[in-house]
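Residue numbers start from 1 in every chain, and the chains themselves are labelled A, B, ... in the order their sequence lines are given, proteins ahead of strands.
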Amino acid sequence: MNKLVLVDGNSIAYRAFFALPLLNNEKGVYTNAVYGFTTMLLKILEEEKPTHMMVAFDAGKTTFRHTTYKKYKGTRQKTPPELSEQLPFMRDLLKAFNIAHYELENYEADDIIGTLAKRASKDDWEVKIFSGDKDLLQLVTENVHVALTRKGITNVDTYDLAMVNEKYGITPVQIIDMKGLMGDASDNIPGVPGVGEKTALKLLKEFETVEGVYESLDKVSGKKLKEKLEANEEDAYMSKKLATIETNSPVEITFEDLVKMEPNYEEVVTLFKDLEFASLLDRIDGKVEVEKEEVKDIQVTVVDEVTEGLLVSPSAVVVEVLEENYHLGEIIGISIVNETGNYYLPTSIALKSNVFQEWAANTKKEKWLFDAKRAVVALGWGGISLKGVTFDMQIASYLIDPSASSHEMADISKRNHGVAIESDEVFYGKGKKRHIPEGSALAQHLARKAASINELKPKLEEQLKQNDQYELFEELEMPLSIVLGNMEMNGVSVDKEELEQMGEKLGEKLVSIEKEIHELAGVSFNINSPKQLGEILFEKLNLPAIKKTKTGYSTSADILEKLKDKHEVVEKILLYRQLGKLNSTYIEGLLKVIHKKSGKIHTIFNQSLTQTGRLSSTEPNLQNIPIRLEEGRKIRHAFIPEQKDAVILAADYSQIELRVLAHISKDENLINAFVNDLDIHTKTAMDVFHVKEEQVTSQMRRTAKAVNFGIVYGISDYGLSQNLGITRKEAQEFINRYFQSFPGVKDYMETIVEEAREKGYVTTMLKRRRYLPEITSRNFNLRSFAERTAMNTPIQGSAADIIKQAMVNMALEMEKRNLNSRLLLQVHDELIFDVKKDELEQMKKLVPEVMEKAVELVVPIKADVEFGDTWYDAK
DNA sequence: GGAACCACGC
DNA sequence: GACGTACGTGGTTCCA
């Protein structure tokens with residue numbers, strides 16, 4: 001059977017334009033609408049597989065509707081130039097895809113679509129229409145279906161007769177009558193003033209059509225409504241006419257012109273490349289021989305004996321570890337590129353060579369790497385020391401723009417027009433297909449990587465200098481990567497037996513709670529399945545469903561909290577979840593990652609990931625070990641010093657973000673609070689609630705704390721309302737009162753958003769950068785999010801700068817003093833050490849001192865120190 | 001293998 | 001009034 005797909009081109013383009021941030025390509029051409037439009041096309045081609053297809057566009061400004069009503073579409077804003085400049089690209093793309101497009105003088109895209117849909121359905125074709133405009137629903141019939149864009153662009157709701165009825169309770173043809181009565185603000189169709197969708201639908205259910213309404217006007221209930229209808233009869237009829245899609249427009253194009261042919265993939269590829277649609281290129285990969293970026297063979301010397309002559313300074317070095325977790329992986333090969341040549345060193349030869357080892361450990365021999373920490377740690381496990389690293393390409397790329405689409409070597413190289421490298425995923429394969437290619441291919445791949453580092457180092461350094469970030473790079477992040485490498489390599493000792501015992505107890509408890517839950521529910525089911533749980537709670541037990549998710553009922557903790565007193569099973573489920581989380585993530589999770597060789601836990605800190613400058617921690621994540629609830633906190637009993645002669649020392653910054661805020665905003669009230677060492681949440685409560693200190697209740701303090709939390713994390717009034725369980729309006733009121741009390745903060749928030757709009761980015765105290773292109777978006781959500789980010793990133797990012805500086809300074813100080821204590825972990829505002837008992841007195845003073853002096857603020861910085869036999873006891 | 005949901009920390 | 005709302009990591013389920 002024939003299947004015709006008709007696309008409302010203008011409507012989809014508009015949707016895409018407003019839904020996506022203003023992307024542009026290297027030539028400065030905006031591409032967001034083209035991008036969205038193209039993803040929609042690809043999706044249609046993949047999912048609908050039409051035999052015939054056409055995209056209709058509006059022709060000009062005036063249409064036959066303007067003769068009926070001059071003001072038709074009169075209030076519509078001009079198409080933004082950023083969008084109109086993209087329309088030609090869409091036509092080019094359609095041509096490349098071999099998809100017909102059509103426009104008709106005096107008619108709108110709707111009319112073309114309506115006309116063709118009617119003709120096709122006469123011949124019993126299947127027709128599907130894509131648009132963002134609800135008006136098109138009037139075309140729905142047995143074999144004509146309409147797909148309307150939902151949020152985003154590629155998400156659509158498909159309407160057939162039943163769907164229209166379900167949504168509106170009327171037939172498709174009555175959509176026209178609905179528009180006639182309610183009008184359409186966006187098209188400037190008047191309708192009957194005071195009649196909205198609800199009233200229109202009510203009237204139509206009773207009287208079927210506009211005509212029906214006026215024939216039985218005396219039967220309409222409501223005096224005012226009747227008066228309004230009476231006074232606007234003409235407008236109602238005219239509006240109906242305007243809203244009617246012309247299904248007999250003089251469309252000359254024939255179905256033969258619409259036959260869907262194979263795309264001209266060569267043209268598509270060329271266009272995608274021009275537009276820089278890398279991800280879309282991937283999607284059509286396989287359909288066509290996409291000529292890959294020319295990967296040229298380079299001259300590589302395979303070294304069978306390492307000599308001093310080839311290890312000159314500086315050298316670009318690649319130490320390849322295929323495993324993502326470099327604590328576990330083997331080094332599969334080493335390459336070196338320097339002014340004497342390009343070399344590949346088979347692992348076994350390099351690691352055994354004294355010449356190599358001495359060169360690696362020599363701080364005076366300069367080395368340039370990509371993700372140096374990976375190489376340092378991987379070599380470290382083999383007992384080889386790598387020193388003298390002066391340039392890390394990954395960190396440089398991250399500092400230049402943390403939001404860059406990827407910090408993979410192949411992508412960075414491409415972005416900066418360096419040596420073409422295959423991505424690791426392509427070269428090694430992924431998933432089950434991953435393997436190490438044979439020797440000479442591997443030598444080529446690794447040599448290209450080293451050549452890329454060698455080539456791009458000056459370019460990236462130049463960019464760092466232009467951004468005034470060279471000091472941040474050289475004095476903070478580069479030394480920090482060494483500190484982090486040592487922390488990871490050193491690892492954290494855990495009491496395995498302690499964990500196992502806790503696990504056993506938890507396991508028993510879980511079994512008994514599970515049984516209780518099944519008994520209370522009257523049926524056995526998987527409590528860990530939100531789907532099954534939802535069905536039990538909200539269907540079988542008939543508890544009120546407060547919130548729904550995309551796929552079913554929400555069973556999240558905050559929802560269950562509200563249902564606690566409705567059924568005793570709820571509390572058990574919460575407990576089951578809590579203990580289950582502890583057992584699977586923390587007990588079993590941590591036991592799984594105890595390293596076979598060291599018996600310790602070695603996390604990996606990611607230094608080039610977060611948009612704010614914070615670190616993250618993986619395999620395992622040691623930055624989210626429980627603390628809030630006592631049961632969870634007990635996990636910390638298992639984190640112990642390496643030797644008996646030591647303790648765990650934890651030092652945390654007190655309110656570092658709010659102190660940073662005081663510093664950058666220069667708000668007098670906030671500065672005074674910290675200078676006088678007040679309890680900041682109590683102080684905030686006093687100001688926000690206009691009460692004296694002794695009148696601050698715990699509820700008031702809790703609210704104030706949530707407001708401060710909101711300021712620090714950049715949450716919205718909605719976020720605050722969720723945290724406090726209040727309305728959005730009340731939350732906004734708290735924020736307003738906060739700003740009244742701290743006017744300097746308000747000024748700062750306004751200034752920083754303005755600055756972000758002008759410059760396109762914000763910076764932290766130590767010049768870390770975050771770009772916020774969406775701050776000029778016309779999409780309210782995107783823009784608001786960017787604005788909150790502009791306010792928040794300098795705060796959170798500067799706090800990250802400060803603790804990083806403290807870590808570097810601390811490492812220097814400990815080395816200078818020849819201390820045997822070790823830094824184990826960083827948890828955003830907290831440093832955890834393994835401290836030898838004979839160094840305890842010294843460290844207790846030194847750690848907070850170094851932390852407090854990391855940078856100088858206009859307010860004092862405060863760090864608190866605790867220690868104990870385990871991490872649990874360091875409180 | 002990936003999406004969806006949930007939960008932990010700061 | 002819409003829009004859908006701090007970041008990051010990881011476990012489990014469920015569907016392809």
Expressed in angstrom and rounded to an integer, what is the separation of A:Arg783 atom CZ from C:dC3 atom P? 15 Å

I'd like to know if the side chain of A:Glu657 pairs up with that of A:Tyr713 as donor and acceptor (distance under 3.5 Å, no hydrogens or angles considered). no

B:dG1 OP1/OP2 closer than 4.0 Å to side-chain N/O of A:Lys430: no

Quantified in whole Å, what is the P atom distance between nucleotide C:dT5 and nucleotide B:dC6? 14 Å

So, taking the atom named CG in A:Asn708 and the one named CG in A:Leu658, what distance separates them when rounded to the nearest 0.5 Å? 5.0 Å

Walk along nucleotides 3-10 of chain B from 5' to 3' and tag each nucleotide B, S or - by protein heavy-atom contact under 4.0 Å, base first, then sugar-phosphate. -SSSBBSB

Report yes if the side chains of A:Val569 and A:Leu537 come closer than 4.5 Å at any heavy-atom pair, otherwise no. yes

Confirm from the modelled atom types if A:Ser716 and C:dT5 form a donor-acceptor pair under 3.5 Å, side chain to base only. yes

Can you find a side chain N or O atom of A:Thr610 that sits less than 4.0 Å from OP1 or OP2 on C:dG8? no

Would you call A:Glu588 and A:Lys592 a salt bridge, taking side-chain N to carboxylate O under 4.0 Å as the test? no

SB check A:Glu477 A:Arg768 (cutoff 4.0 Å): yes

Assign each of A:Arg728 and A:Ser584 to its nearest nucleotide of DNA chain C by heavy atoms, then name whichever residue's nucleotide is nearer the 5' end. A:Arg728

Is the shortest distance from a Lys or Arg side-chain nitrogen in A:Arg633 or A:Glu630 to a carboxylate oxygen in the other one below 4.0 Å? no

